[in-house]
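Convention: sequence-line order gives letters A, B, ...; per-chain numbering from 1.
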Protein chains: 2
Amino acid sequence: MARTQGSRAEITGPLIREAALRLFARHGYAAVSMRQIAREVGVQAGALYAYTPDKQALLFDLMQSHMARLLDSWRDDPAAPPLARLERFVRFHIADSLDHSDAVFLSYMELRNLTEENYRQISNMRRKYESGLELILRDGQASGAMQVEDSRLSAMALIGMLTAVTNWYRAGGRLDRERIGDVYWGLAKGSVGA
Amino acid sequence: MARTQGSRAEITGPLIREAALRLFARHGYAAVSMRQIAREVGVQAGALYAYTPDKQALLFDLMQSHMARLLDSWRDDPAAPPLARLERFVRFHIADSLDHSDAVFLSYMELRNLTEENYRQISNMRRKYESGLELILRDGQASGAMQVEDSRLSAMALIGMLTAVTNWYRAGGRLDRERIGDVYWGLAKGSVGA
DNA sequence: GTCTATATCGCGATAGAC
DNA sequence: GTCTATCGCGATATAGAC
């Protein structure tokens, strides 16, 4: 704690993002002050503004990069059997949600605190991700491998079910992640009539 | 807007609760000021404190009365066939969530802004409600009417799926509420292997 | 890039008049 | 019960030194 001056740019940027993500997810965007974030990082509040123009931009950046990473991570194989694709989606989504629970939480809890334009952008990315699952359900329905009454509604319902895992999962709890994936896949498989 | 003095106690109390519920749900507890609530109601900020000791108590009161109403509304019939009980639960939960979407949203988004003791109390009420569904699933499994791998986890998953309806449902949208109930019941029924 | 200092504002809550 | 006025504080953001 001796140092009170000097540049540490190479690490401060990531530290700010990590602290902001953790604090925003835990207490909510509006409840967290720039001073709190700065304290976590070990700099003065004014220093944050070398990395972000304002608090809103910091929130948007966290959500935007989360969604971009999510969209980039998910790879569907349209040639595979629909049920196999659905299983991959279910296991992917659960694992990814647990690996990035703070960002997942943030990205749907703080939509209301985005400016209009920022909201539009994040919403579009969300919709794109949801459409990936919807496509699997439509293909499954078309091929006869699934019974799906309404692919859009079912996709929203399934994603809601899977994402909610972050609400109660605690590392080291009763169930390990493998087992959770198994149970959720059982539920999802049944829900599409397979 | 002529009146600037005088008591209107019989209506101000409910108006405060309605305004707070709407604003908290829309913008988040931390983002909403007492002055904003007062403005909506048409009184000065100081007048709010004749109805609530502080902002935290107002939040707790909204969540507490929502959960109490929910617990009181739901009536299970342990003598009925498990599948029929599950269908009633699904349709009840969706209808109730849509009827009280602001309170539903608030009651799981703002848990983190409750004091420790208030949090404990709301959590207990939540758990009680969740246990109601879990019991149905256990009875269904025991009677052979359902295949449920893990009744606790499945109950959490189903509630997550059903509650998420508030995330995308908009009155007057593509689907009416009856139809939504049908689709969700189809998904839920399948997920328990029926 | 980071510091200290500060401008400007709005917050939750209370006091006392009516 | 509601008003006006205010206390004390902490918020975001900026300016200028180093």
Side-chain angles (χ1 to χ4, degrees), chain A residues 1-24 26-63 106 110 112-116 118, chain B residues 1-24 26-63 106 110 112-116 118:
Chain A
M1 271 301 170
R3 185 188 59 85
T4 58
Q5 288 278 338
S7 168
R8 302 180 65 185
E10 66 286 359
I11 62 166
T12 300
L15 285 182
I16 289 171
R17 294 166 51 88
E18 286 160 27
L21 177 59
R22 189 175 55 249
L23 290 172
F24 286 167
R26 191 116 63 207
H27 308 292
Y29 170 75
V32 173
S33 71
M34 296 298 267
R35 283 171 167 87
Q36 271 178 275
I37 298 169
R39 199 181 315 129
E40 287 277 300
V41 175
V43 296
Q44 293 300 313
L48 300 182
Y49 292 87
Y51 296 88
T52 183
D54 53 31
K55 194 182 172 189
Q56 167 74 205
L58 183 52
L59 173 65
F60 175 69
D61 183 53
L62 291 170
M63 293 176 66
L106 194 76
E110 300 297 353
R112 60 192 176 179
N113 281 311
L114 291 172
T115 62
E116 212 169 311
N118 287 345
Chain B
M1 269 304 170
R3 185 188 59 87
T4 59
Q5 288 277 340
S7 170
R8 303 180 64 185
E10 66 286 359
I11 62 166
T12 300
L15 284 181
I16 289 172
R17 293 168 51 89
E18 284 160 28
L21 176 59
R22 187 175 56 250
L23 290 172
F24 287 166
R26 192 116 64 208
H27 307 292
Y29 170 75
V32 173
S33 71
M34 296 298 270
R35 283 169 168 85
Q36 269 179 274
I37 298 170
R39 200 182 314 130
E40 288 277 300
V41 175
V43 297
Q44 293 300 313
L48 300 183
Y49 292 87
Y51 296 88
T52 182
D54 53 32
K55 194 183 173 190
Q56 166 74 206
L58 182 53
L59 174 65
F60 175 70
D61 183 53
L62 290 170
M63 293 175 65
L106 194 74
E110 300 296 354
R112 60 192 177 180
N113 282 311
L114 291 173
T115 62
E116 214 169 310
N118 286 347

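- What separates CD of A:Q36 from P of D:dC9 is a distance of 18 Å, to the nearest Å.
- Within the structure, every side-chain polar atom (N or O) of A:Y49 is placed at least 4.0 Å from both OP1 and OP2 of C:dG1.
- Side chain of A:Y51, nearest nucleotide from D:dG1, C:dG1, C:dG12: C:dG1.
- Rounded to whole angstrom, the span from the CD1 atom of B:I11 across to the C1' atom of D:dG1 amounts to 12 Å.
- Rounded to an integer number of Å, the gap from CE of A:M34 to C1' of D:dT14 is 12 Å.
- Position along DNA chain D of the nearest nucleotide to A:A45 versus B:I16 favours B:I16 as the more 5'-ward residue.
- Not one side-chain nitrogen or oxygen of A:T12 sits closer than 4.0 Å to the OP1 or OP2 atom of C:dG1.
- In this structure, A:V41 reaches neither bases nor backbone, as no heavy-atom distance under 4.0 Å exists between it and the strands shown.
- Proximity of a side-chain donor or acceptor of A:Y29 to a complementary backbone N or O of A:Q56 within less than 3.5 Å is detected.
- Looking at B:R35, its side chain comes within 3.5 Å of the base of C:dG12 through a donor and an acceptor atom.
- Counting to the nearest Å, the P atom of D:dA11 and the CG atom of A:L23 are 12 Å from each other.
- Between the CG atom of A:D54 and the P atom of C:dT8 there is a distance of 20 Å, given to the nearest Å.
- Taking the side chain of A:A47 as heavy atoms from C-beta on, and the options D:dC3, C:dT2, D:dG1, the nearest nucleotide is C:dT2.
- No donor-acceptor pair closer than 3.5 Å links the side chain of A:E110 to the backbone N or O of A:L59.
- Atom CD1 of A:I37 and atom CZ of A:R22 lie 10.5 Å apart (nearest 0.5 Å).
- B:L48 places its CG atom 11 Å from the C1' atom of C:dA13, with the value rounded to the nearest Å.
- Counting to the nearest Å, the P atom of C:dT2 and the CZ atom of A:R39 are 18 Å from each other.
- Proximity of B:Q44 to the phosphate of D:dT2: no side-chain N or O atom is located under 4.0 Å from OP1 or OP2.
- Put simply, CG on B:L59 is 13 Å from P on C:dG12, counting in whole angstrom units.
- Distances shown here put a side-chain N or O of A:S33 below 4.0 Å from the OP1 or OP2 atom of D:dA11.
- Between A:E40 atom CD and A:L15 atom CG the span is 10.5 Å, to the nearest 0.5 Å.
- With rounding to the nearest 0.5 angstrom, the CZ atom of B:R26 is 10.0 Å from the CG atom of B:L21.
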